[in-house]
Amino acid sequence: MTDKKVRVRFAPSPTGGLHLGGVRTVLFNYLFAKKHHGDFILRIEDTDQSRYVEGAEEYILDCLKWCGLQPDESPVVGGPYAPYRQSERKALYREYAERLVMQGHAYYAFDTAEELDKNRKEIPNFQYGLAYRDSLRNSLSLPQHEVDALLDAGTPHVIRIKIPEDETISFHDLIRGHVSFETNQVDDKVLLKADGMPTYHLAVVVDDYLMKISHAFRGEEWLPSAPVHLLLWDYLGWKSDMPQWAHLPLILKPDGHGKLSKRDGARLGFPVYAMTWFDAKTGELTPGFRELGFLPEAFLNLLATLGWNDGTDQELFTLDELIEKFSLERVSKAGAKFDFEKAKWFNAEWIKKSDASSLQSAVSAVLADKGIVVTNEDYLLTVINLIKDRCVLIPDFYQQAGYFFEQPKEYDLNAVKPKWTDTKTDFFNALTALLNSDQAALEAHSFEEAFKALMDEKALKAGDVMLPFRIMLVGGKFGPHVFDIASLLGRQETISRIAGALEAFTA
RNA sequence: GGCCCGUUCGUCUAGGGGUUAGGACGUUAGAUUUUCAUUCUAGAAACAGGGGUUCGAUUCCCCUACGGGCUACCA
């Protein structure tokens with residue numbers, strides 16, 4: 001079994017946006033698959049039609065595409081084990097459920113949802129299982145002829161697994177090690193719903209078997225239902241083909257406690273979904289990492305280090321490095337609180353280490369969004385190189401790069417006006433004259449020298465004119481070296497900005 | 001409540017029977033940058049508690065506490 005081909009799957013239900021915890025599960029699946037030259041499969045778990053959300057499946061596909069984690073088999077690319085949508089596999093599951101009934105490992109149950117709700121309310125610790133199944137309406141408690149009659153009459157019913165008595169179910173989790181459960185504590189989970197759809201419990205086992213899944217990774221919230229799945233693998237006679245399990249630690253709220261939810265993002269001001277999600281029903285728009293200006297490389301990187309490390313001090317990894325270094329043994333057991341500050345740091349690092357050319361299209365888009373159309377791509381690249389060290393999120397490029405393309409819309413007058421003097425006006429007039437006369441004046445070095453010489457001549461200090469000059473060109477107290485900006489802007493533009501600003505400063 | 005899982009700086013984590021308990025984010029101070037950011041240097045900051053085992057536990061075991069998950073005809 002160890003030489004079995006590695007096949008892993010990510011099996012989301014299409015109910016809304018893709019949570020960052022989901023993306024991390026995808027990532028770990030993907031890394032493991034690629035590291036072992038295996039297959040990564042996307043399977044859509046849409047067995048609950050009441051929760052089905054239009055567009056969610058497509059959205060999930062788009063998220064994976066954005067992240068660069070493309071499945072080898074999926075509903076859209078197909079594959080040898082199609083279909084990959086459980087709703088399209090519906091007919092399959094009943095057969096296995098009936099087989100379990102036949103073998104005595106499952107049974108029909110006719111109780112209504114209302115009856116069960118009543119029991120849960122009235123009986124402390126009510127569980128549909130060992131203690132109560134005999135007093136409920138099912139094929140175990142009812143006489144055979146009555147069951148047949150009910151079935152013949154088409155009475156709505158579910159099929160439940162019959163959890164055995166007094167057994168200990170244990171298994172080896174790749175992350176947690178030995179885990180065990182007492183069957184007396186496990187309830188008789190529904191396997192097949194009244195509408196004929198399987199529940200997750202049945203579907204995950206049947207499909208993992210049929211799709212030859214070798215390793216099953218999922219969030220820790222699934223741990224309590226693991227014994228049901230183990231039993232199913234056994235009862236269905238597939239035990240020797242059962243995948244190895246790994247229950248991933250959860251991603252927790254940064255402040256309080258509990259699983260991170262999209263509500264936390266709204267409350268604390270950061271995204272939780274990979275990409276912005278629009279819920280057509282509620283009209284609610286939930287922001288995503290992509291739209292906020294995260295690079296997919298940074299997003300993946302920060303997700304990878306949430307619960308995993310390579311044992312060294314390295315924190316920045318490319319996807320290829322992650323594939324090479326990833327190992328389940330180095331995944332931590334404890335949940336991790338999400339830290340948005342660190343997330344931003346990852347993005348800043350990735351922007352810094354990215355080539356200007358790889359940032360180009362994203363930056364163009366941000367500028368275009370603000371009405372700036374870039375016509376000279378080389379100029380853009382130069383600008384990006386000059387400023388990328390001071391950008392944390394992609395939209396920061398607007399503030400940092402905008403003034404290279406258009407005159408400042410407003411000036412930080414508070415920084416200059418109170419200390420403005422006529423001598424300064426003289427200085428900038430003289431500077432303008434100099435620029436008009438000397439063609440070579442804007443070669444960064446010589447211009448800087450000329451600027452300083454002029455400064456001395458007017459008995460001004462750098463502190464008197466450097467900042468005003470910056471604000472003339474940039475509008476505010478930020479940006480790279482002023483002389484670099486001036487030389488990039490060019491002589492004509494610099495002259496024009498000095499003139500424009502001088503008016504505002506002396507008004 | 002029951003069951004399951006977990007617990008090293010504020011956060012993500014490394015480590016592991018004898019260490020000055022390491023790194024990163026954040027934070028503080030300083031240097032550089034006559035802008036802002038980057039960069040650099042330095043600092044503060046952690047083994048949940050109690051019992052064992054041991055010459056010696058933060059590390060191994062047990063208990064407690066705390067945290068989290070599950071407890072649906074949802075995944």
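Keep in mind that this is a model prediction, so the values were computed, not measured. So you know, we letter chains A, B, ... as the sequences are listed, proteins then strands, and number each from 1. As a basis for the values below, the full set of heavy atoms in this structure was taken, side chains included, without hydrogen atoms, waters or symmetry mates.
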Pick the C1' atom in B:C70 and in B:G49, then give their distance to the nearest Å.
-> 27 Å
Distance between C1' atoms of B:A57 and B:U19 (Å, rounded) | 13 Å
Do NZ/NE/NH1/NH2 and the carboxylate oxygens of A:R497 and A:E493 come within less than 4.0 Å?
-> yes
Is there a donor N/O on one and an acceptor N/O on the other, under 3.5 Å, for the side chain of A:N125 and the base of B:G1?
-> yes
Can you list, by residue number, the residues of residues 172-198 of chain A that have a non-hydrogen atom closer than 4.0 angstrom to RNA chain B?
-> A:R176, A:V179, A:S180, A:F181, A:Q185, A:V190, A:K193, A:A194, A:P198
With sugar-phosphate meaning primed atoms plus P, OP1 and OP2, does A:G219 contact a base, only sugar-phosphate, or nothing at under 4.0 Å between heavy atoms?
-> nothing
Is the shortest distance from a Lys or Arg side-chain nitrogen in A:D339 or A:K342 to a carboxylate oxygen in the other one below 4.0 Å?
-> no
Given the P atoms of B:A14 and B:C60, what is the spacing between them in whole Å?
-> 14 Å
Identify whether any heavy atom of A:P249 sits under 4.0 Å from a base atom; if not, whether one sits that close to sugar-phosphate; answer base, sugar-phosphate or nothing.
-> nothing
Under a 3.5 Å limit for both distances, which nucleotide forms a Watson-Crick or G-U wobble pair with B:U32, could you say?
-> none
Nearest-Å distance once atom P is located in both B:C61 and B:G2 | 25 Å
N/O contacts under 3.5 Å, protein versus nucleotides 25-33 of chain B?
from	atom 1	to	atom 2	distance (Å)
B:C25	O2'	A:K342	N	3.4

Rounded distance in Å between the C1' positions of B:A37 and B:U33 | 10 Å
